[in-house]
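In what follows, chains are A, B, ... by sequence order, proteins preceding strands, each numbered from 1.
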There are 2 protein chains.
Amino acid sequence: MLSKEELLAYCAGARKNYLPHISIDCVVFGFHEGVMKVLVLNVEEGEWYLPGGFLLKEEPIETAANRILKERTGLDDIFLQQFYVFGDPERSKEHFEMYKDILPAGENWFTNRFLTIGYYALVDFQDVNPMPDELSISCNWFGLKELPELKLDHTQILNTALDTLRLHLNYQPVGYNLMPKEFTMPELQKLYETILDKKLDRRNFQRRMLSFGILNRSEQQRKGGAHKAPYLYAFNIENYKAALTEGFKGGW
Amino acid sequence: MLSKEELLAYCAGARKNYLPHISIDCVVFGFHEGVMKVLVLNVEEGEWYLPGGFLLKEEPIETAANRILKERTGLDDIFLQQFYVFGDPERSKEHFEMYKDILPAGENWFTNRFLTIGYYALVDFQDVNPMPDELSISCNWFGLKELPELKLDHTQILNTALDTLRLHLNYQPVGYNLMPKEFTMPELQKLYETILDKKLDRRNFQRRMLSFGILNRSEQQRKGGAHKAPYLYAFNIENYKAALTEGFKGGW
DNA sequence: ACAAAAGTGTTTGATATACACCCATGT
DNA sequence: ACATGGGTGTATATCAAACACTTTTGT
């Protein structure tokens with residue numbers, strides 16, 4: 001926890017640089033060892049938050065989200081998807097309460113009501129170097145199944161992000177941003193199974209995935225593991241991007 | 001156009017009551033005589049805008065959207081769907097320019113940079129009584145094909161709303177909010193064709209629509225028209241709502 | 001040699017597409 | 001009577017689901 005002086009300086013800086021009443025919260029998804037992970041900040045003992053931040057006064061929203069995530073992950077050019085604005089007038093009260101005994105209301109940045117713009121991000125787990133922000137003491141990956149309870153409405157934000165991601169899975173390719181450059185079909189399947197939280201048929205998955213035409217199979221196979229060596233695949237970026245904009249399913 | 005005094009009063013009221021930097025813009029879709037219509041405001045000669053407004057300081061976003069639309073349409077309980085936040089720092093400059101010669105910057109509400117939360121609304125055309133807001137001189141329906149060019153980024157907002165609506169059509173029922181209580185299958189098909197901007201097969205449309213189980217066929221038929229009398233249908237609200245939350249297509 | 005993981009293929013049912021036919025009504 | 005729009009039905013292709021067999025590799 002910052003000292004009162006530090007907090008005052010933080011609030012003064014925020015008032016000077018950021019738009020009031022507006023924040024961004026990011027649900028950063030990574031995939032590692034068959035588990036879906038989310039980046040979570042620890043402010044103090046038992047206080048967990050999604051990574052977030054504010055908009056500079058003349059900054060585009062997506063730029064701000066990128067900036068915030070660069071600070072938390074070290075990564076540029078993260079795949080980001082805006083998914084919802086959370087604006088319950090009560091949603092940030094908890095944050096205000098937390099600082100109201102320390103800071104005079106006029107000085108307290110968190111006296112503001114905040115609408116928060118939710119983004120979800122898909123990143124390659126291996127590339128991320130989690131770093132806490134000014135207000136927190138650590139930044140860590142948590143498996144989806146072992147998440148602590150989050151403060152404010154951050155659990156709701158996370159669940160909405162998950163729902164949105166699952167929905168997107170139905171008409172968009174997902175995976176390029178979550179997988180390493182090369183991966184095997186079973187590994188990709190595991191990603192889908194993790195996101196959807198259900199088992200898929202190995203053979204049907206492969207057929208369907210290949211039918212999208214967004215994968216290139218390498219000559220190479222993943223050696224070293226026990227059992228038969230699986231082929232390595234990489235995404236075909238051109239087709240992948242085309243599929244991202246055009247979508248998969250016809251619908252009507 | 002308001003007088004300077006009126007504008008000053010408007011701005012003072014806005015500063016007092018609304019959150020700064022945040023607005024709401026609504027794309028109100030109605031369907032009439034086989035044409036998709038959108039509500040558009042006329043501020044002055046050749047200046048067209050989507051209906052919009054601001055958030056009261058302690059007002060939930062959706063409540064604000066409802067309030068704004070009640071003022072424009074006379075309707076309560078409108079079907080609303082938040083679909084995107086538009087936040088380009090340049091997006092509201094045009095609005096500022098418009099008033100800068102009349103109002104001192106410090107007084108001018110539109111000096112603010114605004115992020116706008118986009119909602120689309122689906123309403124029964126017949127129920128709407130379009131009413132202009134304080135800043136405009138008229139509020140009218142325009143067919144999608146005969147829309148004037150809109151100011152600010154409102155054309156982009158409208159197009160994004162349309163894209164979202166089309167997407168939703170693929171996994172959600174649409175129509176309850178756009179159609180009168182009773183309607184014929186060809187009428188409903190016309191709605192779909194209008195939204196998608198393409199022809200559908202009469203017989204396949206009917207089969208598919210019925211397969212969703214969200215329609216009740218009435219004993220009655222629409223008499224009076226030329227040709228064979230079509231059956232009247234109404235939405236089965238329970239199933240409709242269930243389909244809204246659960247969606248249609250399996251996907252994975 | 002065998003267990004476990006991976007590649008490939010087949011059978012079956014469901015769903016979508018493209019049509020054809022009949023019926024009712026106003027002119 | 002006939003043109004037009006509306007109700008219903010069928011053949012075919014296409015796709016998804018369920019399932020079987022073979023191949024490879026480490027133990």
Side-chain angles (χ1 to χ4, degrees), chain A residues 33-34 166 169-173 175 179-180 182-194 196 198-234 243 246-252, chain B residues 33-34 166 169-173 175 179-180 182-194 196 198-234 243 246-252:
Chain A
E33 291 177 349
R166 281 180 186 139
L169 219 53
N170 288 333
Y171 58 89
Q172 279 188 356
M179 301 295 283
E182 296 208 299
F183 50 88
T184 67
M185 194 59 82
E187 285 165 357
L188 183 60
Q189 180 178 343
K190 191 82 193 144
L191 169 65
Y192 271 69
E193 290 180 337
T194 311
L196 296 165
K198 71 174 173 192
K199 287 257 164 257
L200 299 172
D201 183 277
R202 196 165 57 83
R203 299 147 286 191
N204 294 334
F205 177 83
Q206 165 141 336
R207 186 188 358 262
R208 185 154 165 192
M209 201 43 96
L210 289 177
S211 79
F212 295 151
I214 57 171
L215 292 178
N216 293 332
R217 188 163 96 173
S218 156
E219 302 289 310
Q220 329 242 13
Q221 294 169 293
R222 168 145 302 162
K223 310 280 173 103
H227 320 301
K228 180 167 183 176
Y231 286 98
L232 285 170
Y233 290 86
E246 287 160 36
F248 285 147
K249 317 214 103 184
W252 290 93
Chain B
E33 290 177 349
R166 281 179 187 141
L169 218 54
N170 288 333
Y171 58 90
Q172 279 186 359
M179 300 297 281
E182 297 208 299
F183 49 89
T184 67
M185 194 61 82
E187 285 165 357
L188 184 59
Q189 179 179 341
K190 191 82 198 170
L191 169 65
Y192 272 70
E193 290 181 337
T194 310
L196 296 166
K198 71 174 173 193
K199 287 259 163 255
L200 300 172
D201 183 279
R202 199 163 56 85
R203 299 146 285 192
N204 295 333
F205 177 82
Q206 165 141 334
R207 192 194 346 270
R208 186 154 163 193
M209 201 41 97
L210 289 176
S211 78
F212 295 151
I214 57 172
L215 292 178
N216 292 331
R217 187 164 95 173
S218 157
E219 301 290 310
Q220 330 244 13
Q221 295 168 295
R222 168 144 305 164
K223 311 279 173 105
H227 319 302
K228 182 169 182 178
Y231 285 98
L232 286 169
Y233 290 85
E246 287 159 36
F248 284 148
K249 313 214 105 180
W252 289 93

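For A:N204 and C:dA6, the CG to P distance is 16 Å, given to the nearest whole Å. With rounding to whole Å, A:F205 atom CZ is found 15 Å from D:dA16 atom C1'. Atom NZ in B:K228 sits about 8 Å away from atom P in C:dC23, given to the nearest Å. Counting to the nearest Å, the P atom of C:dA24 and the CD atom of B:Q221 are 9 Å from each other. When rounded to the nearest whole Å, the span between OH of A:Y231 and P of C:dA6 equals 14 Å. With rounding to whole Å, A:E219 atom CD is found 15 Å from C:dG7 atom P. We find that CG of A:L232 is positioned 18 Å from P of C:dA5, with the value rounded to whole Å. When the P atom of D:dC21 is taken as reference, atom CG of A:D201 falls 16 Å away, rounded to whole Å.
Checked by distance alone, A:H227 brings a side-chain donor or acceptor within 3.5 Å of a matching partner on the base of C:dA4. Side-chain to base pairing of A:R203 with D:dA17: no donor and acceptor N or O lie closer than 3.5 Å to each other.
Here B:R222 lies out of heavy-atom contact (under 4.0 Å) with every strand.
Comparing A:A226 and A:Q206 against DNA chain C, the residue whose closest nucleotide sits nearer the 5' end is A:A226. Heavy-atom nearest nucleotides on DNA chain D were determined for A:R202 and for B:P230, and the one closer to the 5' end corresponds to B:P230. Looking at which nucleotide of DNA chain D each of A:S211 and A:A229 is closest to, the 5′-most match is held by A:S211.
Put simply, NZ on B:K190 and NZ on B:K199 are 5.0 Å apart, with the number rounded to the nearest 0.5 Å. Note that CZ of A:R207 is 8.0 Å distant from CG of A:D201, once rounded to the nearest 0.5 Å.
In plain terms, the two heavy atoms of B:Q189 and B:R202 that are nearest each other are OE1-CA, 3.4 Å.
The side chain of B:R208 lies closest to C:dA16 when the candidates are C:dG26, C:dA16, C:dT8. In the set C:dG7, C:dG9, C:dA18, the nucleotide with an atom closest to the side chain of A:P186 is C:dG7.
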Practice task
Would you check, one step at a time, whether the test side chain to side chain contact (heavy atoms under 4.5 Å, CB included) holds for A:L188 with A:Y233?
Solution key: CA-CA 9 Å; A:L188 183 60; A:Y233 290 86; over 6 Å; no
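Dashed line: the shortest gap from a side-chain N or O of B:R207 to OP1 or OP2 of C:dC19 is not under 4.0 Å.
A donor-acceptor pair under 3.5 Å is formed between the side chain of A:Q221 and the backbone N or O of A:A229.
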